[in-house]
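This report refers to the structure that appears directly beneath it.
For the single chain, residues carry numbers from 1 onward in sequence order.
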Amino acid sequence: MSACRTEVIYQNEDFVFTKCSDCDRMGLMFKQAMISFDELNFNSFCRYMEQMEFEFEKYSFFDGLDRVVIETYHPDVQFTLLEEDFYRLKANVMEANAQLHLLELIREM
């Protein structure tokens with residue numbers, strides 16, 4: 001994404017969501033992790049996150065802490081999040097998606 005002309009769609013604390021005006025790739029950065037998406041995969045990721053609830057998806061890890069495993073589109077890459085970070089990411093993804101749709105509606109006018 002280094003050659004992209006990215007526009008910040010939504011930013012909040014440790015979360016930034018961008019979209020390239022040239023290639024339409026989207027970038028989601030949460031803390032130190034960054035994932036890029038095309039539109040179809042971002043929509044799928046939003047639906048995936050929206051359906052997840054910490055209580056039903058959590059696993060107890062070797063350190064005794066419960067975490068949720070977030071799957072990515074690469075079979076070898078997953079993220080594990082504690083409850084607070086999971087709900088923070090989920091809320092930010094939902095808000096970024098809403099902001100993206102709002103911006104698209106405004107630009108269609």
Side-chain angles (χ1 to χ4, degrees):
M1 290 183 70
S2 61
C4 287
R5 294 185 318 159
T6 57
E7 173 184 15
V8 175
I9 305 298
Y10 180 72
Q11 183 173 0
N12 185 4
E13 297 174 25
D14 292 335
F15 181 90
V16 179
F17 181 74
T18 61
K19 184 174 182 183
C20 174
S21 57
D22 292 328
C23 69
D24 289 331
R25 297 275 308 162
M26 297 170 210
L28 183 157
M29 189 166 65
F30 182 64
K31 298 194 178 210
Q32 291 82 28
M34 184 170 168
I35 310 171
S36 63
F37 302 93
D38 58 21
E39 185 176 349
L40 179 64
N41 285 327
F42 180 66
N43 289 334
S44 295
F45 186 74
C46 287
R47 286 191 308 275
Y48 168 68
M49 288 296 296
E50 189 173 33
Q51 293 173 356
M52 290 185 80
E53 292 296 330
F54 188 85
E55 261 324 289
F56 301 116
E57 306 287 340
K58 69 182 179 182
Y59 295 96
S60 186
F61 275 70
F62 61 90
D63 58 1
L65 297 175
D66 290 337
R67 291 181 172 85
V68 167
V69 177
I70 304 294
E71 299 291 336
T72 67
Y73 296 100
H74 190 286
D76 295 331
V77 179
Q78 298 86 31
F79 299 104
T80 63
L81 300 174
L82 298 171
E83 185 172 14
E84 182 179 340
D85 284 336
F86 167 74
Y87 282 115
R88 184 176 294 133
L89 174 63
K90 182 176 179 174
N92 283 320
V93 166
M94 296 302 104
E95 184 60 31
N97 192 39
Q99 292 292 326
L100 179 64
H101 288 297
L102 180 61
L103 187 60
E104 289 171 352
L105 285 173
I106 290 170
R107 289 186 176 157
E108 288 176 4
M109 297 177 121

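Going from atom CD of Glu39 over to atom CG of Asp24 covers 7.0 Å, rounded to the nearest 0.5 Å. With values rounded to the nearest 0.5 angstrom, Asp38 atom CG is found 9.0 Å from Asn43 atom CG. In this structure, CD1 in Ile106 is found 8.5 Å from CD in Gln99, a value given to the nearest 0.5 Å. Annotation: the span from Ser36 atom OG to Met29 atom CE amounts to 13.0 Å, rounded to 0.5 Å. With values rounded to the nearest 0.5 angstrom, Met26 atom CE is found 13.5 Å from Ile35 atom CD1. Note that NE2 of His101 and CG of Leu105 are 8.5 Å apart. Values are rounded to the nearest 0.5 Å.
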Could you give me the CA-CA distance, side-chain angles and deciding distance for Val68 and Asp85, then say whether side-chain contact (heavy atoms from CB on, under 4.5 Å) is met?
CA-CA 10 Å; Val68 167; Asp85 284 336; over 6 Å; no
With side-chain contact (heavy atoms from CB on, under 4.5 Å) as the criterion, how do Ile9 and Glu7 come out once you've worked through the C-alpha distance, each side chain's angles and the decisive distance to 0.1 Å?
CA-CA 6 Å; Ile9 305 298; Glu7 173 184 15; 4.1 Å; yes
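Under a 3.5 Å cut-off, the side chain of Asn12 and the backbone N or O of Phe15 do not form any donor-acceptor pair. Side chain of Gln78 to main chain of Pro75: a donor-acceptor pair is present (N/O by atom type, distance under 3.5 Å, no hydrogens or angles).
Ion pair Asp14/Arg88 not flagged as a salt bridge, since none of the NZ, NE, NH1 or NH2 atoms sits closer than 4.0 Å to an Asp/Glu carboxylate oxygen.
When hydrophobic clusters are built by joining Ile, Leu, Val, Met, Phe, Trp and Tyr residues whose side-chain heavy atoms come closer than 4.5 Å, directly or via intermediates, Met49 is not grouped with Leu82. The hydrophobic clustering, which links ILVMFWY residues whose side-chain heavy atoms are closer than 4.5 Å, places Leu81 and Tyr48 together. Using a 4.5 Å cut-off between side-chain heavy atoms of Ile, Leu, Val, Met, Phe, Trp and Tyr, with links allowed through other members, Leu102 and Tyr10 fall into different hydrophobic clusters.
Here Tyr59 pairs with Phe61, Val69 under the side-chain contact (heavy atoms from CB on, under 4.5 Å) rule; sequence neighbours left out. The side-chain contact (heavy atoms from CB on, under 4.5 Å) search around Val77 returns Thr72, His74, Phe79, not counting sequence neighbours. When the salt bridge (charged side-chain N to carboxylate O under 4.0 Å, His left out) test is applied to Asp22, the partners found at least two apart in sequence or on another chain are Arg5. Looking at residues two or more places apart in sequence or on another chain, you find no salt bridge (charged side-chain N to carboxylate O under 4.0 Å, His left out) involving Glu95. Residues passing the salt bridge (charged side-chain N to carboxylate O under 4.0 Å, His left out) test with Glu104, sequence neighbours excluded: Lys19.
Cys46 and Val93 make their closest contact through SG-CG1, 3.8 Å (heavy atoms, listed as atom of the first residue, atom of the second, distance). For the residue pair Phe45 and Ile70, the shortest heavy atom distance occurs at CE1-CG2, 3.9 Å.
Classified by interplanar angle (parallel below 30°, tilted 30° to 60°, perpendicular above 60°), the ring pair Phe42/Phe37 is perpendicular.
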All N/O donor-acceptor pairs, side-chain side in residues 51-58, below 3.5 Å, sequence neighbours left out:
residue	atom	partner	partner atom	Å
Glu53	OE1	Tyr87	OH	3.2
Glu53	OE2	Lys90	NZ	3.0
Glu55	OE1	Lys58	NZ	3.2
Glu55	OE2	Lys58	NZ	3.4

